Every structure is written in C-alpha cells, then in structure tokens.
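What you see is a predicted model, and the numbers here were worked out from it, not measured in a lab.
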Amino acid sequence: AWLSGTPVLADNAAAAILGAIYSAHGPTPPDAGGAELATQKSFLQNTTTISTGLSFLKVAIEPQILNDNRWGRLFSLAYRKPDLLALGLTQNTAIEINANGATVIGDNAVVALDLRSARLALGTNQAFVIANGLLDVFAGGDVLQPTTADVDAQPVRIATPVLPTITRTPTITPTPTATPTATPTATPAPTFTPTPEPTETPVPTATPIVIPPMSSPVTEFSVPVALLVGAVIVVLILLLTRRRPAI
C-alpha cells in the first residue's frame with residue numbers, strides 16, 4: 001500500500017522499525033544514575049541491542065534523540081551499519097518523504113550521522129573510535145539530500161554579528177531598617193489584699209434545762225414517823241451495848 005502511494009505516518013517506535021535496523025531498547029531511566037549509565041554505556045560496542053527493521057527505508061532511525069538523550073544509540077546504529085545513513089528525530093519534527101524527495105518539517109531539527117567514508121576502530125574499553133565521520137543538522141524546510149563534501153573548499157568567512165548590548169538595571173540594595181528594641185513593660189506588683197479573719201460564729205448558749213424538783217411524798221405524818229424511827233434506832237443501840245461481853 002505504501003509503495004502504491006498510500007500515506008503512512010510512523011511515530012516514535014513505529015518510525016524506528018521502518019528503517020533497516022533499530023535499537024530495541026525502552027526509554028532512558030528517569031533517575032540520574034540510571035540515565036547516566038544508559039547513555040554513556042551505549043557508546044560501547046555490544047551494549048545496545050540492535051534488531052532488524054521492516055526496511056521500508058534503507059536508513060537507520062532513532063527517535064527522541066534529544067528528549068531521551070539517545071545519542072549513544074544513534075552512534076551504535078551508524079557503527080553497526082556504516083553503509084546506512086543514521087537519522088535522529090527530535091520532538092515535534094518529522095521527515096516527509098514523497099516523490100520529490102525527503103524534507104524536514106516541524107519545530108526542531110533532524111540529525112544525520114554519515115559514516116560511509118569514515119574510519120572505524122575500538123578503544124581499549126570497547127568504545128567507538130570514529131575518524132572522518134559526518135554529522136549534520138537539518139532544520140525545518142531543509143531537503144535531506146546527500147552531497148559530496150569538498151574538503152578542499154575554503155571556508156567562507158563572515159563578520160561576527162554585532163549583538164545588542166544589554167544595559168543592566170542597577171539593583172537597589174535595600175537599606176536594612178533598624179529593628180525597634182522592645183522596651184520591657186514593668187509588671188505591676190500584685191496588690192496585697194489582707195484576707196479578713198474569719199468571724200467566730202457565736203456558739204449558741206445552751207439553755208439550761210430546769211428539772212423541776214420531784215414532789216416530796218411527805219405527808220402530814222412525816223415528822224412523827226421520823227421521830228419514831230429514830231427512837232427505835234436508839235433503843236437498839238442501847239440493847240446491843242448492854243449485851244456486849246466484857247473484854
């Protein structure tokens with residue numbers, strides 16, 4: 001369908017598998033240590049897993065090269081197949097391929113790594129050693145068309161653009177305001193209020209209970225009876241005295 005003219009839109013991983021080969025890896029780890037290990041290790045041989053793509057295009061494609069820091073994967077693809085052009089896609093950018101050729105569209109750029117004329121070697125740590133490789137950047141609207149570089153061409157020198165001078169606004173250093181010293185407020189001495197002595201509660205005076213005298217059973221015959229009793233007692237004493245034996 002694509003060869004007959006049906007448009008095909010391939011995004012991210014789908015764009016990668018349209019090429020002849022692609023790096024079969026997930027996203028770069030979000031933590032700093034994992035990201036550093038993944039990005040640096042990918043510049044060593046046999047640390048990037050490379051698989052065969054669908055070969056819609058005779059190139060190698062690496063998406064999210066800037067956002068996910070996949071430069072090592074791009075170099076791994078180019079080093080593994082130096083006869084293929086390795087393309088790095090960035091966010092919000094695409095390559096439009098039609099009958100007129102390939103054109104970059106979008107907000108950012110496309111990076112092309114060409115090692116077809118480069119000399120390749122490996123370092124003692126199995127890192128890539130590349131001489132005379134070509135790394136180019138294509139902005140939106142540029143046509144992706146390889147041209148032979150003229151190594152003998154003299155560089156065109158242009159004047160350094162004059163940049164506007166930025167006048168810095170003087171920064172006003174605020175004058176520190178003296179912090180008012182808090183005057184301690186004298187705490188008034190507590191006024192001593194004498195506690196009134198408790199007033200003695202008068203003990204109620206007991207009202208004496210007057211016991212009325214018992215009525216005497218004395219009758220009109222009391223005196224004679226008393227005299228009679230006294231006389232009997234005297235007589236008894238005398239009788240007892242008389243009968244007392246002599247010692």
Side-chain angles (χ1 to χ4, degrees), residues 9-97 101-149 151 155:
L9 173 63
D11 188 23
N12 287 328
I17 64 173
L18 289 185
I21 57 174
Y22 68 96
S23 62
H25 282 283
T28 301
D31 60 289
E36 182 179 6
L37 179 62
T39 53
Q40 293 186 4
K41 187 175 66 173
S42 58
F43 282 96
L44 306 178
Q45 189 181 39
N46 297 327
T47 58
T48 299
T49 303
I50 297 178
S51 301
T52 302
L54 299 178
S55 295
F56 274 41
L57 302 170
K58 293 298 181 181
V59 294
I61 300 174
E62 185 61 48
Q64 301 291 345
I65 187 174
L66 293 180
N67 292 43
D68 208 25
N69 200 0
R70 298 183 180 183
W71 289 97
R73 301 186 194 185
L74 180 70
F75 274 81
S76 295
L77 292 172
Y79 193 92
R80 174 69 66 88
K81 290 286 186 179
D83 56 320
L84 298 177
L85 189 65
L87 301 175
L89 305 180
T90 58
Q91 189 178 17
N92 298 330
T93 306
I95 301 175
E96 182 181 9
I97 302 174
T103 306
V104 177
I105 60 174
D107 300 331
N108 292 318
V110 171
V111 178
L113 179 59
D114 187 358
L115 301 185
R116 289 175 296 182
S117 301
R119 297 181 59 185
L120 307 179
L122 288 175
T124 55
N125 61 345
Q126 299 300 300
F128 302 137
V129 177
I130 302 173
N132 296 326
L134 177 63
L135 182 66
D136 206 349
V137 179
F138 297 88
D142 289 347
V143 177
L144 284 173
Q145 182 177 358
T147 58
T148 303
V151 295

Which distance, rounded to the nearest 0.5 Å, do you find between the [atom1] of [X] and the [atom2] of [Y]?
X      : Y      : atom1 : atom2 : answer
Ile21  : Ser51  : CD1   : OG    : 9.5 Å
Arg116 : Leu134 : CZ    : CG    : 9.0 Å
Thr47  : Gln40  : OG1   : CD    : 11.5 Å
Ile17  : Leu54  : CD1   : CG    : 4.5 Å
Asp114 : Asp136 : CG    : CG    : 9.5 Å
Leu87  : Leu144 : CG    : CG    : 6.5 Å

Might you point out which heavy atoms bring [X] and [Y] nearest each other, and give the distance in Å?
X     : Y      : answer
Pro29 : Ala35  : O-CB, 3.4 Å
His25 : Thr49  : NE2-N, 2.8 Å
Gly88 : Leu74  : N-CD1, 3.9 Å
Leu85 : Leu113 : CD1-O, 3.8 Å
Leu77 : Glu62  : CD1-OE1, 3.7 Å
Pro63 : Asn12  : CG-O, 3.5 Å

Going by ring-ring contact (aromatic ring centres under 6.0 Å, His included), name the residues that satisfy it together with Tyr22, two or more places apart in sequence or in a different chain. none

So, does [X] use its side chain to make a donor-acceptor pair with the main chain of [Y] at under 3.5 Å?
X      : Y      : result
Tyr79  : Val129 : no
Thr93  : Leu89  : no
Asp142 : Ala139 : yes
Thr90  : Leu66  : no
Asn125 : Ala127 : yes
Ser23  : Arg73  : no

If you apply the rule side chain to side chain donor-acceptor pair (under 3.5 Å), what do you find for Asn108 with Gln91, and how did you get there? CA-CA 7 Å; Asn108 292 318; Gln91 189 178 17; 5.5 Å; no

Is there side-chain contact between Leu115 and Leu84, with heavy atoms separated by less than 4.5 Å? no

Beyond-backbone contact of Phe138 with Val143, side-chain heavy atoms, under 4.5 angstrom: no

Decide, yes or no, whether a salt bridge links Lys81 with Asp83 under the criterion of side-chain N to carboxylate O below 4.0 Å. no

I need the single residue from Ile65, Val104, Thr103 that forms a side-chain contact (heavy atoms from CB on, under 4.5 Å) with Val110. Which is it? Val104

Give the intermediate values and the outcome of side chain to side chain contact (heavy atoms under 4.5 Å, CB included) for residues Thr39 and Trp71. CA-CA 7 Å; Thr39 53; Trp71 289 97; over 6 Å; no

is_close_aromatic(Phe43, Phe128), centroid dist under 6.0 Å: no

Can you tell me if Asn46 and Gln126 form a side-chain donor-acceptor pair at under 3.5 Å? no

